[in-house]
Amino acid sequence: MADWLEGLDLEPNDRPRAGPSFVERARHAPDDDYPIADDFGRPNLLGAVEEEEETPFQQLTRHWMNERQAPDILPGQEMLLGRILDHVRKQSDDVQLLRADPDSSEDEHFRIMLVQTEIERVKFVVRSYIRTRLYKIEKYARWISTTAEVHEKLSKAELDHARRYARLTEYHFNQSVLQSLPPQQRSLEDDMAFMPPMIPEPDKLRPVFVHARQECPPVRLPDGTSIAMEKGRISLTPYYIVEQLLLRGEVELV
Amino acid sequence: MALPPPLRTSVTPAELELIACEQLVDIIPLVAMERTAFISGAYGPLRPPAKCKVPIWMATNLKLKKKCHIVPPDWLNVDFLQDRLTRETSQPEFSELPFRFAEVAKVILDVASDDISNPEKVRSLLQDIREARQAKSRDGVSKLDHSELSLPNLCAMEINEIRPFFVRSMGVLTQLVRQPDPGRMDQME
């Protein structure tokens with residue numbers, strides 16, 4: 001877990017597997033030392049979000065909730081995570097500096113305490129976000145390592161972990177049980193009728209609660225009709241129906 | 001385990017509260033503080049007795065140290081909630097309430113009930129509204145099918161409450177109507 005975090009943490013700019021949405025984000029992301037209320041034009045990214053611009057932390061919270069609710073693994077927000085972690089580090093450094101100052105008044109201590117409280121809140125969301133991804137990566141490790149389309153959604157560290165994890169479990173199964181079985185029963189990829197597949201895959205049929213953040217193009221439902229996802233609409237619908245809208249950030253999962 | 005089993009299928013109320021506490025609320029500070037940069041934005045300066053907008057988590061923190069009064073949001077008072085309750089019980093649809101009203105109301109009532117006029121009445125109204133809405137969402141099960149269910153004005157906490165049952169029910173309905181996979185059919189023959 002520790003070096004997992006570190007991997008993400010230290011390589012915010014190392015993005016060899018940048019997917020399209022990721023590149024898009026990178027292009028529109030402001031520089032590191034962004035001002036607090038950053039009102040950069042990010043038209044494709046956020047479009048018409050409420051009236052106010054989303055702060056990076058609000059974006060992370062949204063991605064965190066999406067990741068928690070979505071059955072599939074979503075594109076990793078490495079860039080955003082990098083910015084937030086940089087900011088956390090900067091705030092922590094400032095706190096350290098202020099605390100070291102013997103002249104700081106009662107009033108200062110009180111501000112420091114508030115800043116620290118916030119740092120802990122942000123860290124909680126960051127951790128929970130990463131843990132959610134880690135859970136999915138381990139659950140679907142074998143599917144991920146054999147499915148090329150998923151690779152672009154993962155960071156390098158995540159993909160390495162998925163591959164290593166898949167290799168380890170396979171090795172373990174072989175060593176502990178499979179090698180003692182008759183050869184025709186050793187496979188880890190049996191496809192039996194009426195049985196769930198041996199390589200678990202995300203269940204995109206699973207329904208999710210979705211909230212439209214803006215006017216969305218109509219979507220086609222499984223029963224053949226189509227509905228307009230107008231702004232503010234909350235629906236319960238299978239995940240694959242809204243997958244594209246979610247990847248474009250037009251809807252969020254709630 | 002990366003994610004403990006109880007967190008895998010749903011979000012916890014505590015996590016929803018954490019999200020809701022990022023919302024801004026007016027406070028009347030009792031201490032002065034310079035404008036300070038936080039990760040979510042810059043807040044302040046606090047100059048008693050001028051009102052100031054800060055996130056709810058900060059307001060509760062200050063309130064617990066008796067360093068401010070919280071100005072409850074417009075909707076957190078007897079008149080407004082009474083009106084909503086009347087609508088809720090007389091009309092079939094859900095009435096419009098802030099998306100995270102349950103979390104915000106709980107936090108503010110917990111730490112700052114002395115800043116709300118008639119907190120007992122507010123609590124009981126919230127409870128009545130909750131029950132009226134719960135009955136409606138249970139009725140919603142009958143409208144459930146395999147493709148889509150629209151839930152206008154449903155709030156975060158309510159969605160979280162019905163999530164496990166609704167998701168599972170719709171999953172079953174989806175399985176019932178699923179077209180047989182041709183590959184599988186061949187195999188079976």
Side-chain angles (χ1 to χ4, degrees), chain A residues 1 4 35-37 55-58 61 64-65 68-69 84 87-88 90-91 94 107 110-111 113-115 117-119 121-122 124-125 128 130-139 191 193-194 203 205-209 211 219 221-225 227 232-238 241 254, chain B residues 1-4 7-8 10-11 15-16 18-19 21-22 31-34 36-44 54-55 57-58 61-62 65 67 99 140 144-156 159-160 162-163 166-171 173-175 177-178 183-185 187-188:
Chain A
M1 189 69 210
W4 177 256
I36 303 305
T55 63
F57 183 50
Q58 281 168 335
T61 311
W64 169 46
M65 276 297 116
R68 280 290 286 277
Q69 314 288 9
I84 300 235
H87 204 158
V88 166
K90 186 173 151 289
Q91 292 282 84
D94 288 355
D107 185 44
F110 168 66
R111 276 165 75 184
M113 185 271 300
L114 285 179
V115 171
T117 308
E118 192 193 35
I119 291 176
R121 291 171 59 88
V122 175
F124 174 85
V125 174
S128 183
I130 292 173
R131 289 176 70 165
T132 310
R133 290 183 66 81
L134 182 57
Y135 160 65
K136 289 185 187 175
I137 287 167
E138 294 189 350
K139 185 171 174 189
D191 192 14
F194 304 115
D203 173 19
L205 289 172
R206 196 173 95 192
V208 289
F209 285 91
H211 170 239
V219 289
L221 298 177
D223 63 6
T225 56
I227 51 154
R233 186 186 177 100
I234 299 177
S235 286
L236 175 65
T237 195
I241 300 284
V254 289
Chain B
M1 274 295 141
L3 200 64
L7 301 184
R8 287 178 195 171
S10 206
V11 183
E15 284 169 323
L16 288 177
L18 179 113
I19 297 173
C21 282
E22 284 300 316
V31 289
M33 187 180 93
E34 289 308 309
T36 310
F38 290 90
I39 295 172
S40 52
Y43 305 109
V54 298
W57 64 264
M58 200 185 292
N61 206 314
L62 291 169
K65 299 196 166 61
K67 289 182 198 283
F99 187 61
L144 201 63
D145 63 11
H146 69 281
S147 58
E148 198 254 354
L149 178 68
S150 164
L151 305 149
N153 292 334
L154 211 63
C155 300
I159 290 175
N160 211 43
I162 62 172
R163 185 189 327 271
F166 274 54
V167 164
R168 217 175 135 62
S169 315
M170 197 182 238
L173 290 167
T174 305
Q175 283 199 335
V177 297
R178 189 153 47 166
R184 286 258 150 148
M185 292 300 277
Q187 226 174 51
M188 276 154 56

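Note that the structure is a prediction, hence the values are computed from the model and not measured. Lettering of chains follows the sequences in order, A, B, ..., and the numbering in each one begins at 1.
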| Contact class of B/Arg163 relative to chain A, heavy atoms under 4.5 angstrom | both
| query | Heavy-atom distance under 4.5 Å to chain B: side chain of A/Val115, backbone, both or neither? | reply | both
| request: Would you mind checking which part of A/Ile227 comes under 4.5 Å of any heavy atom in chain B, side chain (CB onward), backbone (N, CA, C, O), both or neither? | output: side chain
| Contact part of B/Ser150 toward chain A, heavy-atom cut-off under 4.5 Å: side chain, backbone, both or neither? | both
| request: To the nearest 0.5 angstrom, please state how far the CG atom of A/Asp203 sits from the OG1 atom of B/Thr174. | output: 8.5 Å
| query | Within the side chain of A/Thr237, is there an N or O that forms a donor-acceptor pair under 3.5 Å with the backbone of B/Ser147? | reply | yes
| field | Nearest heavy atoms of A/Arg68 and B/Val11, plus distance in Å | value | NH2-CA, 3.8 Å
| remark: Looking only at heavy atoms, the pair that brings B/Ala2 and A/Arg131 closest together is O-NE, 2.6 Å
| Part of A/Thr132 lying under 4.5 Å from any heavy atom of chain B | both
| Separation of B/Phe38 CZ from A/Ile119 CD1 (nearest 0.5 Å) | 9.5 Å
| query | What do the steps show when you test B/Ile19 against A/Trp64 for side-chain contact (heavy atoms from CB on, under 4.5 Å), and what is the final call? | reply | CA-CA 11 Å; B/Ile19 297 173; A/Trp64 169 46; 3.9 Å; yes
| request: Working to the nearest 0.5 Å, report the span between CE of B/Met33 and CZ of A/Phe110. | output: 6.5 Å
| Would A/Lys139 and B/Arg8 satisfy side-chain contact (heavy atoms from CB on, under 4.5 Å), going step by step from the backbone distance to the final call? | CA-CA 12 Å; A/Lys139 185 171 174 189; B/Arg8 287 178 195 171; over 6 Å; no
| field | Contact summary for A/Arg206 and B/Val167, nearest pair of heavy atoms | value | CG-CG1, 4.0 Å
| Could you give the distance from CG (B/Asn153) to CD1 (A/Ile234), rounded to the nearest 0.5 Å? | 7.5 Å
| Do A/Val125 and B/Leu18 pass the side-chain contact (heavy atoms from CB on, under 4.5 Å) test, and can you show the C-alpha distance, the side-chain angles, and the key distance before you say yes or no? | CA-CA 9 Å; A/Val125 174; B/Leu18 179 113; 3.6 Å; yes
| query | Quick one: what part of B/Ser10 sits under 4.5 Å from any heavy atom of chain A, side chain, backbone, both or neither? | reply | backbone
| note | Residue from A/Val88, A/Val122, A/Val208, A/Asp223 scoring the most non-hydrogen pairs under 4.5 Å with chain B is A/Asp223
| said: Could you check whether any side-chain heavy atom of B/Phe99 comes within less than 4.5 Å of a side-chain heavy atom of A/His211, counting everything from C-beta outward? | reply: no
| In Å, rounded to the nearest 0.5 Å, how long is the span from CZ of A/Phe209 to CG of B/Leu154? | 7.5 Å
| remark: Interface check, chain B: of A/Arg121, A/Met65, A/Lys136, most non-hydrogen pairs under 4.5 Å belong to A/Arg121
| Is it true that A/Arg111 and B/Glu34 make a salt bridge, defined as a side-chain N closer than 4.0 Å to a carboxylate O? | no
| request: Please tell me if the side chains of A/Thr117 and B/Asn61 come closer than 4.5 Å, counting only heavy atoms from C-beta onward. | output: yes
| query | Checking B/Leu144 against chain A: side chain, backbone, both or neither under 4.5 Å from a heavy atom? | reply | side chain
| said: Please give me the minimum heavy-atom distance between A/Gln91 and B/Ala37, naming the atom from each residue. | reply: NE2-O, 3.2 Å
| query | Less than 4.5 Å apart, any side-chain heavy atom of A/Leu236 and any of B/Glu148? | reply | no
| So how far is it from A/Leu114 CG to B/Tyr43 OH, rounded to the nearest 0.5 Å? | 11.5 Å
| task | Apply side chain to side chain donor-acceptor pair (under 3.5 Å) to B/Ser40 and A/Glu118, showing your working. | result | CA-CA 8 Å; B/Ser40 52; A/Glu118 192 193 35; 2.6 Å; yes
| request: Name the option with the most non-hydrogen atom pairs under 4.5 Å to chain A; the candidates are B/Val31, B/Asn160, B/Ile159. | output: B/Ile159
